[in-house]
Amino acid sequence: MEMQNNVTKAASLRAPASVRRKISNVTKEKWKDFLFALPALAFLGAFLYYPLGYSVYISFTNWNMTRPNVKFVGLDNYTRLLTNDDFYNSLKITLQYTVMDVVFTLAAGLLLALLMNVTSSRLFAVLRGIVFMPYYISMIIAAMVFTWIYNSQYGLLNRIMIGLGLEPVDWLINTSTVLPALVAVSVWKGAGFAMILFIAGMRGIPAEYYEAASIDGASRISLFRHITLPLLSPMTLFLVITTFISSMQVFQSIDVMTNGGPLQSTNAIVYWIYTMAFGEFRTGRASALVMILFVIILLLTLLQWFISRKKVHYEG
Amino acid sequence: MKMKKWMTAVLAGTMAIGITACAGSNNTGVEPAAMEALKEDTTPITIQYWHAHAEAQLEGLNYMIGEFSKKYPHITVEPVFQGAYSELHKKLQAAVAADDVPAVTNVEVASLPNFADSGVFEELTPWIERDQVQLDDFSQGMLGAYAYNGKQYGFPLIVSTSVFVYNKTMLDKLGVKPPQTWEEIDAFNQAVTKKGENGMPTYAFSVPGWDTWYYDPWMINGGGQILTDDMSASAVETEASLRYIENFKRWKDEGHLHIGYGKGASDNMRQMFLGGEIAMVEHTSALLKMYQENADFEVGVSFLPGDEKRTSNIGGAGIVMMAGAEDAEKEAAWKFIEFMTSAEHNIKWAESVGYLPTRKSAIDSDEGAQYFERWPQYRAVYEHFDNVTPRMQHPAYPEFSTVYKEVVGEMALNNADPVPLMKEAAGKINDILADYE
């Protein structure tokens, strides 16, 4: 602070009056800018930064939302989580879910984009609309419908399996099928959105590249491999990061379809946070888990971004 | 630089306000003199009643509130449906944190200790003493379920217990009666399980694995207990505590016992029973009406079989007063609590919501006799009225009970041997207990 005063003093000594006026105008302008941003900042402050800061504080306490005397417990919540097998199990489940979700959503989206990217026919516009439809169905509703589809006794899926002469499967009760079953709902919901973005990306690729390559005798497969895929990479990166973040935070489908079970096989981190805070009344520890998840997502997103810098081609 | 400091100051300030607001939410007690004055006070007042009564119970609730406002015209009760118990509890937590609580609420019986431990509920003793409520008229087990550390925090409102619901038509045809002791179970199994025979049960009976409420009493009946007497350590791994699960495993391996686990297991069990695949299912008494309406056979009810002991745990919800409410609200809340649980309306209320009556005088009345004529199945429960006991009361129960629930799940889904798993579970339970301050 003192240094700053010295600097301004020094500036006022040396600079001519006109420059001084300019500086004060700039500061005035800055305050004006700040004033205009204030309503938005106040909103964010009240509903984002304050709760965020407060949950950092809670994560160092044993608060349970109801007890009157809150005790500061230091890093206890963090050490207990990080030395707990359940944490690593939950993290593993979350990552498994995320990897499957990202891979299958993008693969399905890309495949659909290749199939549906036909501008000449109205039929395809309608089909695209149908494929995109699940995206705007609420996850709660989708999850409830799929709970019925997956039901082992009278679910649609098992009816079909029996019809095909296959053994029925307890989709949501068997620990090895339950996670893929959840991923399938998410892929069903998200693939249409990925398709639309991939189509947008494809239409942005200049036709000359394809023409030039075909004249040189490139096959359709090499056109796809060497032109479409690399030039779709910015879109792919965007989809990877957004799908990654949303599937790391998977919650609604688990809440409706499995409650984290059976035998914790779908106890992903966000669902665990929820049961810890509101089922076991451990708000402090749940807040600590929120912070840990925040750091994990941040690090993994940075990692993706870092790796992608070498792999993503921005056209032009 | 300046701005950042200013921001942190504001942030710290608001945080401090938040913290003190939380700390301030703890009103306790009403002065005795003020209590007397409030009793006769008829200044109009409105209180909120947060509840988890599903649609089928609303008619009964509205009737009760109507009768209540006839008796106390100055009190308006606003019923607010807050979803199932777990939803209701979350909203209660949030309400306490925000220091904006209803005057009266439901609480699910297993969650009472946690809330009571945090001072969220008001102790009812001063009002009970002032108005000389006959506590011994309540079923002692049901009343005890809403006391914690010797203090009465609420009264039983909708009470259920787990019972065996059986296919009477089928058992009569087979010439067997539901087992009353563990010793009779093997013979029962032999007579009832008829694999592959058309129209005959595949399983003799089913015990739900998805909720510890259904097998905690089995553990106790076998002579075991969940925690040691001083509640400081796990006891699920002791020889006596393992008896029930070793039997479950044997009955399951022999093909007599069905154990449902995971989401949808309750529906499946219901379907299998209604479809004649299971002859007898352990379920909550609150679903008796549902079974009776949907079964195309005669439905019977039997109390859980006993061994060293014979008990079944209380489920459902009670009615409690919030400590954070104003004194005048508390007085109105007390009148409402007393009214809702009074002997006068006990039978009517119980029948309209499908739960059990709680008052001895009500059961012994003419109205009670008529009730048993309409619902003869409930006799099986009332013959064991005093064997219906509270669940284990510990604030960490919701957390540590999932540990041994998973052992049952491993057995149900993966056919794992429960004995070594239960020993492992004991370690985890002890960690949770040590962690709980």
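Reminder, nothing fancy here: chain letters follow the sequence lines and each chain counts from 1. As the structure is a prediction and not an experimental result, all values here were calculated from the model.
- The two atoms that bring A/Leu263 and B/Glu406 nearest to each other are CD2-O, 3.3 Å, heavy atoms only.
- Of the atoms belonging to B/Gln93, heavy atoms from both backbone and side chain fall under 4.5 Å from chain A.
- Both the backbone and the side chain of B/Ala94 come within contact range of chain A, judged by heavy atoms closer than 4.5 Å.
- Residue A/Thr275: no heavy atom, backbone or side chain, is found under 4.5 Å from chain B.
- Within residues 409-418 of chain B, the residues approaching chain A closer than 4.5 Å by heavy atoms are, in numerical order, B/Gly409, B/Glu410, B/Leu413, B/Asn414.
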Report the C-alpha separation of B/Lys90 and A/Tyr274 in whole Å, then their side-chain angles, then the decisive distance to 0.1 Å, and conclude whether the side-chain contact (heavy atoms from CB on, under 4.5 Å) test is met.
-> CA-CA 10 Å; B/Lys90 280 162 210 160; A/Tyr274 170 77; 2.4 Å; yes
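- For B/Lys252, the NZ atom sits in a packed shell: over 12 heavy atoms of surrounding residues, nucleotides or ligands are nearer than 6.0 Å.
- Using a 4.5 Å cut-off between heavy atoms, B/Lys405 does not touch chain A at all.
- A/Met276 does not touch chain B: none of its heavy atoms, backbone or side chain, sits under 4.5 Å away.
- Residues A/Arg282 and B/Asp435 have side chains in contact (heavy-atom distance under 4.5 Å, counting atoms from C-beta outward).
- Interface remark: A/Ile173 contributes backbone and side-chain atoms alike to the contact with chain B (heavy atom separation under 4.5 Å).
- Screening residues 82-115 of chain B for ring-ring contact (aromatic ring centres under 6.0 Å, His included), with sequence neighbours left out, gives A/Phe281-B/Phe115, B/His89-B/Phe115, B/Phe115-B/Phe121.
- Residues from residues 80-89 of chain A that place a non-hydrogen atom less than 4.5 Å from a non-hydrogen atom of chain B comprise A/Arg80, A/Asp86, given in numerical order.
- With a 4.5 angstrom heavy-atom cutoff, A/Ala277 touches chain B only via backbone atoms.
- What you find for A/Gly279 and B/Pro398 is that their closest heavy atoms are O-CB, 3.9 Å.
- For residues 66-85 of chain A, every residue pair satisfying the ring-ring contact (aromatic ring centres under 6.0 Å, His included) rule, not counting sequence neighbours, is listed here: A/Phe60-A/Tyr78.
- Note that the CG atom of B/Asn114 and the CD atom of A/Glu280 stand 10.5 Å from one another [nearest 0.5 Å].
- No more than 12 heavy atoms of other residues, nucleotides or ligands lie within 6.0 Å of CE in A/Met144, so this atom counts as exposed by the packing criterion.
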